[in-house]
There are 2 protein chains.
Amino acid sequence: MHTILKSNTKEVVIGADKPFVIIGEKVNPTGMKKLGQALVEQNFDYVKHLAQRQVAWGAEVLDVNVGHPQIDEVAIMPKVVEAVLAAVDVPLCIDSNEPKILEAGLKLAPGKPLVNSVNGEEKQLATVLPLVKDRGAAVIGLTIGEEGIPATPEGRLAAAGTIIERAAKMGIPIEDIIIDPLVMTVGHNSNAALVTLKTIELVKKEYGVNISLGASNVSFGLPDRHSVNSAFLALAIQTGITTAITDPIKLGSCIKAIDLLLGRDANSMRYLKYFRATEKLRAQEAAVRV
Amino acid sequence: MHTILKSNTKEVVIGADKPFVIIGEKVNPTGMKKLGQALVEQNFDYVKHLAQRQVAWGAEVLDVNVGHPQIDEVAIMPKVVEAVLAAVDVPLCIDSNEPKILEAGLKLAPGKPLVNSVNGEEKQLATVLPLVKDRGAAVIGLTIGEEGIPATPEGRLAAAGTIIERAAKMGIPIEDIIIDPLVMTVGHNSNAALVTLKTIELVKKEYGVNISLGASNVSFGLPDRHSVNSAFLALAIQTGITTAITDPIKLGSCIKAIDLLLGRDANSMRYLKYFRATEKLRAQEAAVRV
């Protein structure tokens, strides 16, 4: 199954027979003070820098989130979308819990954007899915039900089913739904990653849809998070995720290596190309810092 | 199925329900000039250093290989085994293609050692398995047949079967056979890792034995080998390998993270302990270098 996203001129295809798609996570002020400050000051140069840098490091889609206590998010979302588009031409993933903020972003996002996210709660289904349908967008469905995040893979599968069925009733094609099975930190619960991996397996088998993860949550509260994040990406990609909202600078090499190992990169062409490009970027960025 | 290895006082259990076992690869002069030189000079301090360092970084078993063009390997093997045992008390993996060299090492190896390796060729089966049987050792069986390394998973499964059946006829218990499905570099063949992963699946399903890999071969000839090696370990462990001959300094963190993610480390105890221990080691080793 192929989920197709579009910018003005570019098309990105997400699917199990395609290279893994990185959705760059960095245009998001949560826990990123410098970006929060820039947005408060309506200084968009830093947004442009983040957009450009992530695409240079291999992001094919960019997540745009403007959640910040000191910001009028409905007003600022279109400006951030414009800033990103002034810097790069890639499909966008408009990220908010609030339908109004999503709407503000979707109006300006070109082509076919991705909405991040809806979940299985009635209130969310009823407000977010109509926006997705009207805009002809794709949407990430989080496996959350009325009772919160189910503890079991079967519970999460059921939440995915709720979203997929409701979307179908509204005429949203199933290939425009990307399910996010969610992952909690293994620092609190040693079974957390296994539950997510099992959910991926079930959702893939039952619906065959594309599956995404915000993968770095898995290592929250642990030291040496990179070892955990990169290992988890390998496990999750082997199990069936086809895209992730993540940091291309930290995890791009790991993802290209996984594509190569899983036979999705004939003659290592993309692996080698990525290595050469990022080797150059690393040198340039080091030179700027000196 | 549990493969049990022993030193004088320590027991190491390899099995799917146990933490992953690292067999330290560094006592091997192949491609390691400094060790080759030390062995030629019969200076064993460097061997002791390598043994100690690998165990400090998490190796539970040590591979001992003395292959070098300027060395009388039969004469030097016992001395290297003695040097390793003077430094650490862990089970050993005696590594050679030559039965005479294996024999020389097995005589001095304490407890229950591992033999690395036999393969499915008649000549090897007939000469190595009797040594294994007489010594009461365990053995790594490489999936190589009379025609070399089979290109297909089914061919490798058949080679594994040849070894397991011959060992059974000689009265070697199946739990003392560890199959190595072999991996070639993905730099030459994009399907190389997939063939190995599929072989792991088949061997696990058919025989349920422990499975090992010399994992770093997968990245031969590629840049940024660490990204490929660590991703491949994650894929291979998820698929079913239970031990690997590898570098604990480079890959220990990755392996501890995989154990944690696969639910084999309650409350992250071993992950955190390893992080703290290696953080200290890193600081000590950096201080020595200054």
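All chains are named by letter (A, B, ...) in the order of the sequence lines, taking the proteins before the strands, and each is independently numbered beginning at 1. Bear in mind that the values here come from a model prediction, so they are computed numbers and not experimental data.
Considering only heavy atoms from C-beta on, B:Leu261 stays 4.5 Å or farther from A:Leu194 through its side chain. Side chains of B:Ile258 and A:Val228 form no contact here, defined as non-hydrogen atoms less than 4.5 Å apart.
Heavy atoms closer than 4.5 Å to chain A are found nowhere in B:Val183, neither backbone nor side chain. Heavy-atom distances place the side chain of A:Leu197, and not its backbone, under 4.5 Å from chain B. Proximity to chain B (any heavy atom under 4.5 Å) is restricted, for A:Leu222, to the side chain, taken from C-beta onward. With a 4.5 Å cut-off on non-hydrogen atoms, B:Phe275 touches chain A through its side chain but not through its backbone.
The choice from B:Gly263, B:Ala193, B:Ala231, B:Pro223 that makes the most heavy-atom pairs within less than 4.5 Å of chain A is B:Pro223. Residue with the most contacts toward chain A among B:Leu272, B:Val186, B:Leu235: B:Leu235 (heavy-atom pairs, distance under 4.5 Å).
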Tabulate, with distances rounded to 0.1 Å, every donor-acceptor pair spanning chain A and chain B at under 3.5 Å.
from     : atom 1 : to       : atom 2 : distance (Å)
B:Ser190 : OG     : A:Asp265 : O      : 3.3
B:Ser190 : OG     : A:Asn267 : N      : 3.0
B:Pro223 : O      : A:Tyr271 : OH     : 2.8
B:Asp224 : O      : A:Tyr271 : OH     : 2.9
B:Gln238 : NE2    : A:Thr239 : OG1    : 3.0
B:Thr239 : OG1    : A:Gln238 : NE2    : 3.0
B:Asp265 : O      : A:Ser190 : OG     : 3.3
B:Asn267 : N      : A:Ser190 : OG     : 3.0
B:Tyr271 : OH     : A:Pro223 : O      : 2.8
B:Tyr271 : OH     : A:Asp224 : O      : 2.9

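Counting heavy-atom neighbours within 6.0 Å of B:Met184 CE, excluding the residue itself, gives a total of 12 or less.
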